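Written below as structure tokens is the structure these notes are about.
What you see below is based on every heavy atom in this structure, not just the backbone, and it leaves out hydrogens, waters and symmetry mates. The shown structure was predicted, so the numbers you read here are calculated from the model rather than taken from an experiment.
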Amino acid sequence: MADYRKMWESLGMDLETHDQLCEVLPQAFGDVFLSQENRPEAMDYYNFVIAEIHGVRPQELIKAQEEGKKVFGTFLRVCAR
């Protein structure tokens, strides 16, 4: 995965908490999805999207916004209890 820390920081993300999330996600995704028997090869693109979910897509959206394009979406906020 590329280094997106500068982008995340510019978005005001809590980098310490995000780092904690990024430490467990690859293992969890691998355990739940990548370990499935007979997983279709066509899922490779989906695997890439999930692996880069915090990088490639936000980077594309920021670039589009800088080009004057309208950007909108939904966000999920995860709160620790």
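- A continuous path of hydrophobic side-chain contacts links Met43 to Val32 [ILVMFWY only; heavy atoms under 4.5 Å].
- By the side-chain contact (heavy atoms from CB on, under 4.5 Å) test, Glu60 pairs with Val56, Arg57, sequence neighbours left out.
- Atoms CG and NZ, on Leu61 and Lys63 in that order, are 12.0 Å from each other to the nearest 0.5 Å.
- Partners of Gln20 by side-chain hydrogen bond (donor to acceptor under 3.5 Å, both in side chains), not counting sequence neighbours: none found.
- Shown here are the side-chain contact (heavy atoms from CB on, under 4.5 Å) partners of Lys69, two or more places apart in sequence or in another chain: Ala64, Glu67.
- A continuous path of hydrophobic side-chain contacts links Val49 to Tyr4 [ILVMFWY only; heavy atoms under 4.5 Å].
- Listed by chain and residue number, nothing satisfies the side-chain hydrogen bond (donor to acceptor under 3.5 Å, both in side chains) test with Asp44 (two or more places apart in sequence, or in another chain).
- With sequence neighbours excluded, the residues satisfying side-chain contact (heavy atoms from CB on, under 4.5 Å) with Asp31 are Gln27.
- Remark: Phe29 engages Phe33, Leu34, Arg39, Tyr46, Asn47, Ile50 in a side-chain contact (heavy atoms from CB on, under 4.5 Å) (not counting sequence neighbours).
- Leu15 and Leu11 end up in the same hydrophobic cluster when Ile, Leu, Val, Met, Phe, Trp and Tyr side chains are linked at under 4.5 Å.
- Taking all atoms of both residues into account, the shortest heavy-atom contact from His18 to His54 is NE2-ND1, 2.5 Å.
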